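Model, not experiment: these values are computed from the prediction. Numbers restart at 1 for each chain; the letters A, B, ... are given by sequence-line order, proteins then strands.
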Amino acid sequence: MKSELERLVADALKTLTGSVLPDPVDPAWISVERSRDASHGDYTCNIALRLAKLARRAPRELAGAVVAALPASPDLARAEVAGAGFINFHLARAAHGAVLRRVLAERERFGRSDAARGQRVILEFVSANPTGPLHVGHGRQAAYGATLANLLRATGHSVHCEYYINDAGRQMDILTASTWLRYLEHCGETLPFPANGYRGDYVHAIARQLYERRGRELQHPAAAVLSDLPADAPAGDKEQYIDAVIQRMRSLLGAGGFDQVLELSLAAMLGDIRDDLAAFGVEFDRWYSERELARSGAVEHALEKLAAAGTLYRKEGALWFRASQFGDDEDRVLVRANGQNTYFAPDIAYHLQKRERGFERLIDVLGADHHGYVARVRGALVAMGEPGDCLEACLVQFVSLFRGGEKIPMGKREAQFVTLRQLRAEVGNDACRLFYLMRSHDQHLDFDLELAKSRSNENPVYYVQYAHARVASVMKQLDARALRYDQAVALEHMERLDGAHEQAAVRELARYPDIVAQAAAARTPHALVHYLRDLAHAFHTWYNAATFIVDDAPLRNARLALALGVQQVVRNGLALLGVSAPESM
RNA sequence: GCGCCCGUAGCUCAGUUGGAUAGAGCAUCAGGCUUCGAACCUGAGGGUCGGGAGUUCGAAUCUCUCCGGGCGCGCCA
């Protein structure tokens, strides 16, 4: 409809060229937008305002000339000049009926498009270290990423979702040592727990699992573990201390024993994370292991590419990347003086891999604290000959939990942080996902547990779901009165939907495809949440003002058709958000 | 100090190629069920869009500057 109107305007401008307008107008200047206010018609065009200076005419006068020159169209009831020089289009009623017809015909496909058909996107999100359960911040990234994937697929993208597992490196060693120390406690040893260790309850659970499988095979006396270790914090350095513990563990258990504890810890954590996400309705196409990446030689391959491009140099025994020449603030170390890679080296290799696997667009959903990381990865991609704009970062801001207006403190290494699992158990998946997605991702989120749990009018989750359930309820009532919905009759009598509330509901339905397209393009799932609230509001208002099940069969069927259309779009929208659409509540 | 994000109603927030009288929800106040589900609806009050300057027909939106808040600036990940 939009492009149809733009074409009409373009035709009108063409006939005015030479008389009212001095020069032909670039079609790119013409834009027709949906009117924000119903009193401004269905669509609006600001071309007269934009051309006024060029044409040396008053905007209203110019707009009048354009309106007079508009070709006739069956979809257009009338066009009029308004305000400073806007042209407002009022569509013919037949055009309104067409929207509802489409909803009813396309059903779950309504709102989908193939605007970006075939564009291959890899979407990486969550990618939390498997050193502890997911917390509420990860939950927001999970909800955001999963919904963004749905939106991108709905607009024709080919989307591959991936979770990058940081299963190599020091964090894993610390988890391994933490597990072992808790295991030793379980065996009856008494020893201090490192300041830098993971002290959550989940470590105890893994330790118990280790004990159940291996009995006392891995036990060593506390004295042997602790002898000659440097001081822990606060007197000493906590980093040096934990490293010494790891070293001691390796020497007492041997590399094989250490790896067994590591594997068990990793499997336990990863299993927990997978189950948690699956239960939250978040699925990945692939879980990509950093260790496998390292074993495949991908890191060396990336380093070679960087070296071949002349972007590496040695300084103080370390291997550096000239990131500062590629948009980063400073150069970055890839290989430490001790020969070990920094986390950055495999990350570069991973992103290069994504390109080499054929993905045109790389989208990383990251916590807002990782924003500094984007420039250096992009810089590395450019240095390796990839286009810098293929990488896109969506930074998701932090979540603060509130209970009854009081902020719940959260800390990572402390045992007191709230997990995603706990949050889901308390408020339910639906409220959880909707609350996570309600706010723009670049806005801090205040998540109020009491509000999310409340079954009152304060809770927007039920507001939208209620619209869906209400339609289902009407259809049940219809059945109870031994009446049947006849869509053929409804389609013949669309013109009966002429009330203001019905028109408003139809207008909302018509917006849906644009909302989906825009939310996908701008990576803003929250726009969909706001839309669904608007749609539900239009429906509830209409519901309160009108009776659907009336004796007049044509009117009854037309109204039921619109109600079913609303229900369909609510269901479609909630599906994209990963929220259920219940028949009754 | 440098970089990124944010500042809109009492509170939590929408408002994305610059558009018409800046919108929701909550809270407050006043109304609406004998009728398809009141988990709903209707109405009212509430604003220097952080301050200032600039760009132009037109700025919450773009530019500059100042103020206030968050985050990041490691041979940690």
Side-chain angles (χ1 to χ4, degrees), chain A residues 28 31 33 35-37 39-40 44 46 48-50 52-53 58-59 82-86 88 129 131 166 168-172 174 239 315-320 328-330 332-344 346-347 367-375 393 395 397-398 402 405 438-440 442-446 448 451 454-467 469-478 480-481 518 521-524 526-527 529-531 533-534 536-537 539-550 556 559-560 563 584-585:
Chain A
S31 86
E33 297 299 328
S35 302
R36 290 170 69 184
D37 189 325
S39 68
H40 296 144
T44 189
N46 64 357
L49 290 159
R50 301 187 67 176
K53 199 171 201 176
F86 294 96
N88 291 337
N129 284 348
T131 52
N166 287 102
R170 187 159 169 272
Q171 298 305 316
M172 282 310 303
I174 295 175
E239 305 285 351
K315 192 177 87 180
E316 292 161 7
L319 186 64
W320 295 69
D328 199 2
D329 296 334
E330 49 191 291
R332 305 288 169 181
V333 172
L334 292 175
V335 183
R336 287 191 273 266
N338 66 9
Q340 291 209 312
N341 291 336
T342 60
Y343 80 99
F344 187 39
D347 273 7
D369 53 336
H370 283 72
H371 64 76
Y373 156 102
V374 180
L395 300 170
Q397 294 288 336
F398 292 163
F402 287 78
M438 219 161 40
R439 306 294 180 223
S440 167
D442 54 20
Q443 195 77 234
H444 283 247
L445 176 66
D446 289 342
D448 193 312
L451 180 59
S454 75
R455 295 180 168 265
S456 70
N457 55 359
E458 296 170 43
N459 195 328
V461 181
Y462 299 108
Y463 187 77
V464 177
Q465 289 184 325
Y466 185 42
R470 253 186 164 173
V471 176
S473 180
V474 169
M475 298 312 284
K476 276 180 217 148
Q477 189 58 226
L478 187 73
R481 296 187 195 180
Q518 196 194 0
R523 322 317 188 199
T524 51
H526 74 280
V529 178
H530 286 271
Y531 164 77
R533 236 173 24 186
D534 292 344
H537 179 248
F539 175 77
H540 288 311
T541 301
W542 175 42
Y543 181 95
N544 268 275
T547 306
F548 301 169
I549 304 177
V550 292
R556 180 178 70 232
R559 285 181 174 169
L560 291 173
S584 67
M585 303 168 57

Sugar-phosphate only, base, or nothing, as touched by A:Glu330 at under 4.0 Å among non-hydrogen atoms: sugar-phosphate
Geometric cation-pi criterion, A:Arg470 with A:Tyr543: 6.0 Å, 45°: yes
B:A30 pairs with, by Watson-Crick or G-U criteria that keep both distances under 3.5 Å: B:U42
Interatomic distance, A:Lys315 NZ vs B:C75 C1' [rounded to whole Å]: 11 Å
Shortest side-chain distance from A:Thr547, nucleotide among B:C36, B:C75, B:C4: B:C36
Sugar-phosphate, base or nothing in reach of A:Phe398, heavy atoms under 4.0 Å: sugar-phosphate
Under 5.5 Å and under 30°: A:Phe86 stacked on B:G19: no
Main-chain N/O of A:Ala469 paired with A:Ser473 side-chain donor or acceptor, under 3.5 Å: no
Distance in angstrom units between A:His444 NE2 and B:C71 C1', rounded: 7 Å
P gap between B:U17 and B:C6, integer Å: 15 Å
Interatomic distance where OH belongs to A:Tyr462 and C1' belongs to B:G37 [whole Å]: 16 Å
Geometric class of the A:Phe398/A:His444 ring pair [parallel <30°, tilted 30-60°, perpendicular >60°]: perpendicular
Listed partners of A:Arg523 passing side-chain hydrogen bond (donor to acceptor under 3.5 Å, both in side chains), at least two apart: A:Glu392
Nearest-angstrom distance from the residue atom CZ of A:Arg50 to P of B:G18: 8 Å
Side chain of A:Ala469 - closest among B:A14, B:G37, B:A77: B:G37
Touch class at under 4.0 angstrom, heavy-atom based, for A:Ala82 against every strand present: base
Within-4.5 Å side-chain heavy-atom neighbours: A:Leu560 and A:Val474: yes
Residue-phosphate contact under 4.0 Å: A:His526 side-chain N/O, B:G15 OP1/OP2: yes
Sugar-phosphate only, base, or nothing, as touched by A:His530 at under 4.0 Å among non-hydrogen atoms: sugar-phosphate
Watson-Crick or G-U counterpart of B:G37, or none if no pair lies under 3.5 Å: none
Selection from B:C41, B:A77, B:A38 that lies nearest to any side-chain heavy atom of A:Tyr466: B:A38
Sugar-phosphate, base or nothing in reach of A:Ser31, heavy atoms under 4.0 Å: base
Residue-phosphate contact under 4.0 Å: A:Arg332 side-chain N/O, B:G74 OP1/OP2: no
Whole-Å gap separating C1' (B:C36) and NE2 (A:His540): 14 Å
Sugar-phosphate only, base, or nothing, as touched by A:Ala84 at under 4.0 Å among non-hydrogen atoms: nothing
Closest to side chain of A:Tyr463, choosing from B:A77, B:U42, B:C40: B:C40
Residue A:Ser584, side-chain heavy atoms: nucleotide from B:C57, B:A77, B:G37 that is nearest: B:G37
Centroid distance under 5.5 Å and plane angle under 30°, A:His370 vs B:G72: no
Whole-Å distance separating the CG atom of A:Leu395 from the P atom of B:C71: 15 Å
Side chain of A:Arg470 - closest among B:G32, B:U42, B:G37: B:G37
B:C66 to B:A20 separation - C1' atoms, rounded to the nearest Å: 32 Å
Nearest-Å distance once atom C1' is located in both B:G32 and B:U16: 39 Å
Short side-chain N/O contact to B:G74 OP1/OP2 from A:Tyr373, under 4.0 Å: no
Donor-acceptor pair under 3.5 Å, A:Ser440 side chain vs B:A14 base: no
Touch class at under 4.0 angstrom, heavy-atom based, for A:Asn88 against every strand present: base
Rounded distance in Å between the C1' positions of B:G43 and B:C5: 39 Å
A:Tyr373 ring center within less than 6.0 Å of A:Phe344 ring center: no
Base B:C71 paired with A:His371 side chain (donor-acceptor, <3.5 Å): yes
Closest to the A:Thr524 side chain, choosing from B:U16, B:C41, B:C36: B:U16
Sugar-phosphate only, base, or nothing, as touched by A:Gln397 at under 4.0 Å among non-hydrogen atoms: sugar-phosphate
Sugar-phosphate, base or nothing in reach of A:Asp446, heavy atoms under 4.0 Å: sugar-phosphate
Sugar-phosphate, base or nothing in reach of A:Gln443, heavy atoms under 4.0 Å: sugar-phosphate
Whole-Å P distance, B:C4 and B:A9: 26 Å
Sugar-phosphate only, base, or nothing, as touched by A:Tyr543 at under 4.0 Å among non-hydrogen atoms: base
d(CZ, A:Arg439; C1', B:A24) in whole Å: 10 Å
Whole-Å gap separating C1' (B:U17) and CD (A:Gln518): 10 Å
Sugar-phosphate only, base, or nothing, as touched by A:Ala522 at under 4.0 Å among non-hydrogen atoms: base
Presence of A:Arg533 side-chain N/O under 4.0 Å of B:C40 phosphate oxygens OP1/OP2: no
Most 5' of A:Glu316 and A:Met585 on RNA chain B, judged by nearest nucleotide: A:Met585
Nearest-nucleotide comparison on RNA chain B, the residue closer to the 5′ end among A:Thr541 and A:Asn338: A:Thr541
Donor-acceptor pair (no angle test) under 3.5 Å: A:Asp369 side chain, B:G72 base: no
